[in-house]
Amino acid sequence: MAVTRASSYDVDLTRGVLDGLRAVGADVAGANVVLKPNLVEFDRGSAINTDPRLIAATVLAARRLGASTVTVAEGPGHRRDTRYITEASGLAEMLRDVEATFVDLNTAEAGLVRPSSRFTQLEELWLPKLLTDADVVISMPKMKTHHWAGVTLSLKNCFGCLPGRVYGWPKNILHWVGIDNAILDVAGAVRPSYAIIDGIVGMQGNGPIDGVSIASGVLVFSDDPVAADTVAAMLMGMDPARIPYLREAGRFLGQGDLDRIVQVGEDPSTLTMQFAPAPGAEFMVAGSALPRT
């Protein structure tokens, strides 16, 4: 996996994404690729969503790496009016500029799949056929704290893959069955091939919507979403071992041991910042004297 410095969205992000994907050996040649950003709600000046400029740059980068098709898809969990969010956030305009298609996963055709794990009582999950038919799914979350999960990164980002027309807004079923357990079952069903975490500007405090922006200046690339989230949590000043769903994900979904994650590019330890934790998640801060759960 690779961590790169990225101080602004107003640079050549396409080159940066190309370099990051190449660094982790991403293979998208001839593939039907789906980019799954985090598009939750629109609040001007906030850091809620994956930045549209990074999404557009990833479309171009995937094409340059030989992707057959590149589709951007998301099922926003808060607003039923997805078109409003894409237009207000600037994503629709950016995708028009790069001639990319957007699919609303809340309303897309879906089919039933059985999760590979059973942390919840959900024996089947509705997943859009766009995702199950894709050759490559790239999870593109915003680097944020989360008032229930502690951090929301590439695994939690998979919640947006499930259709709101089945699971409601804000997909309450997934919260009722236990958010940590649902993250594991949903991410295990989606199984994104790669992760690109938008940490150029992140969110700290009462995320994922009401937190405060923080200029964290990094992009995280990985062919293992668990490794991506583990390193990203460390970059946020959190102890991955204190994040329950992330600790469990390291047992079956990917590599969660920082000592065993192969790093290329920047040394993540030199780029760590202390994000203010979400209320109630203070125990997740690295070095905290509070007990782990």
Side-chain angles (χ1 to χ4, degrees), residues 6 8-14 16-17 32-63 67 69-110 126-131 134 137-144 146 152-154 156-172 190 192 196-203 207-213 215 219:
S8 170
Y9 295 103
D10 297 317
V11 296
D12 187 354
L13 284 175
T14 302
V17 174
N32 294 316
V33 176
V34 176
L35 308 182
K36 165 52 180 81
N38 188 218
L39 189 66
V40 183
E41 179 61 274
F42 177 68
D43 181 9
R44 191 175 304 280
S46 75
I48 295 174
N49 303 318
T50 309
D51 194 277
R53 290 164 288 188
L54 179 61
I55 299 167
T58 305
V59 171
L60 296 177
R63 288 175 181 161
T69 64
V70 184
T71 305
V72 179
E74 165 67 311
H78 280 252
R79 279 206 183 241
R80 295 171 186 259
D81 189 348
T82 302
R83 182 176 179 180
Y84 165 78
I85 301 177
T86 58
E87 291 287 350
S89 66
L91 178 59
E93 180 180 359
M94 295 298 298
L95 295 185
R96 286 192 289 267
D97 287 345
V98 296
E99 299 181 339
T101 299
F102 178 87
V103 173
D104 182 359
L105 297 179
N106 280 328
T107 58
E109 180 185 0
W126 287 93
L127 278 182
K129 289 180 63 61
L130 176 72
L131 296 174
V137 175
I138 302 180
S139 182
M140 296 187 65
K142 174 69 82 172
M143 185 183 286
K144 298 187 289 188
H146 192 284
T152 172
L153 298 161
S154 64
K156 172 64 173 63
N157 189 42
C158 292
F159 270 28
C161 294
L162 273 57
R165 64 188 175 90
V166 176
Y167 295 96
W169 284 264
K171 306 189 182 179
N172 280 327
V190 176
I196 302 174
I197 300 177
D198 176 8
I200 297 176
V201 176
M203 177 182 282
I209 292 177
D210 295 324
V212 178
S213 300
L219 290 172

Under the side-chain hydrogen bond (donor to acceptor under 3.5 Å, both in side chains) test, residues paired with K156 that sit two or more places apart
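Expected list: none.
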Atom pair [atom1] ([X]) and [atom2] ([Y]), whose distance is rounded to the nearest 0.5 Å:
X: C158; Y: L153; atom1: SG; atom2: CG; answer: 11.5 Å
X: M94; Y: T86; atom1: CE; atom2: OG1; answer: 13.5 Å
X: L39; Y: F102; atom1: CG; atom2: CZ; answer: 6.0 Å
X: K171; Y: L162; atom1: NZ; atom2: CG; answer: 6.5 Å
X: T50; Y: N38; atom1: OG1; atom2: CG; answer: 5.0 Å
X: E87; Y: D81; atom1: CD; atom2: CG; answer: 10.0 Å

Provide the closest heavy-atom pair for [X] versus [Y] in the form atom of the first, atom of the second, distance.
X: P128; Y: P163; value: CD-CD, 4.2 Å
X: F42; Y: N49; value: CA-ND2, 4.4 Å
X: V201; Y: Y9; value: N-OH, 3.2 Å
X: A108; Y: V103; value: CB-CG1, 4.0 Å
X: D104; Y: P76; value: OD1-CD, 4.2 Å
X: V98; Y: V59; value: CG2-CG1, 4.1 Å

Any side chain to side chain donor-acceptor pair (under 3.5 Å) pairs touching residues 39-48, not counting sequence neighbours?
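Pairs touching residues 39-48 that pass the test: E41-R79.
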Would you check if L131 and L105 make a side-chain contact, meaning some heavy-atom pair closer than 4.5 Å?
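L131 reaches L105 side chain to side chain.
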Do M203 and I48 make a side-chain contact, defined as non-hydrogen atoms from C-beta onward lying under 4.5 Å apart?
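Touching, per the 4.5 Å side-chain cut-off.
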Strictly below 4.0 Å, N to O, side chains only: are R53 and D10 in salt-bridge contact?
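Yes.
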Here's a test for you: under side-chain hydrogen bond (donor to acceptor under 3.5 Å, both in side chains), which of K36, E74, K144 qualifies with N157?
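Exactly one option meets the side-chain hydrogen bond (donor to acceptor under 3.5 Å, both in side chains) with N157, and it is K36.
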Verdict with supporting geometry, I200 and L219, side-chain contact (heavy atoms from CB on, under 4.5 Å):
CA-CA 6 Å; I200 297 176; L219 290 172; 3.8 Å; yes
Test side-chain contact (heavy atoms from CB on, under 4.5 Å) on Y167 and F159 and set out the steps.
CA-CA 10 Å; Y167 295 96; F159 270 28; over 6 Å; no
Applying side-chain contact (heavy atoms from CB on, under 4.5 Å) to D198 and K142, what does each step give before you reach the verdict?
CA-CA 5 Å; D198 176 8; K142 174 69 82 172; 3.0 Å; yes
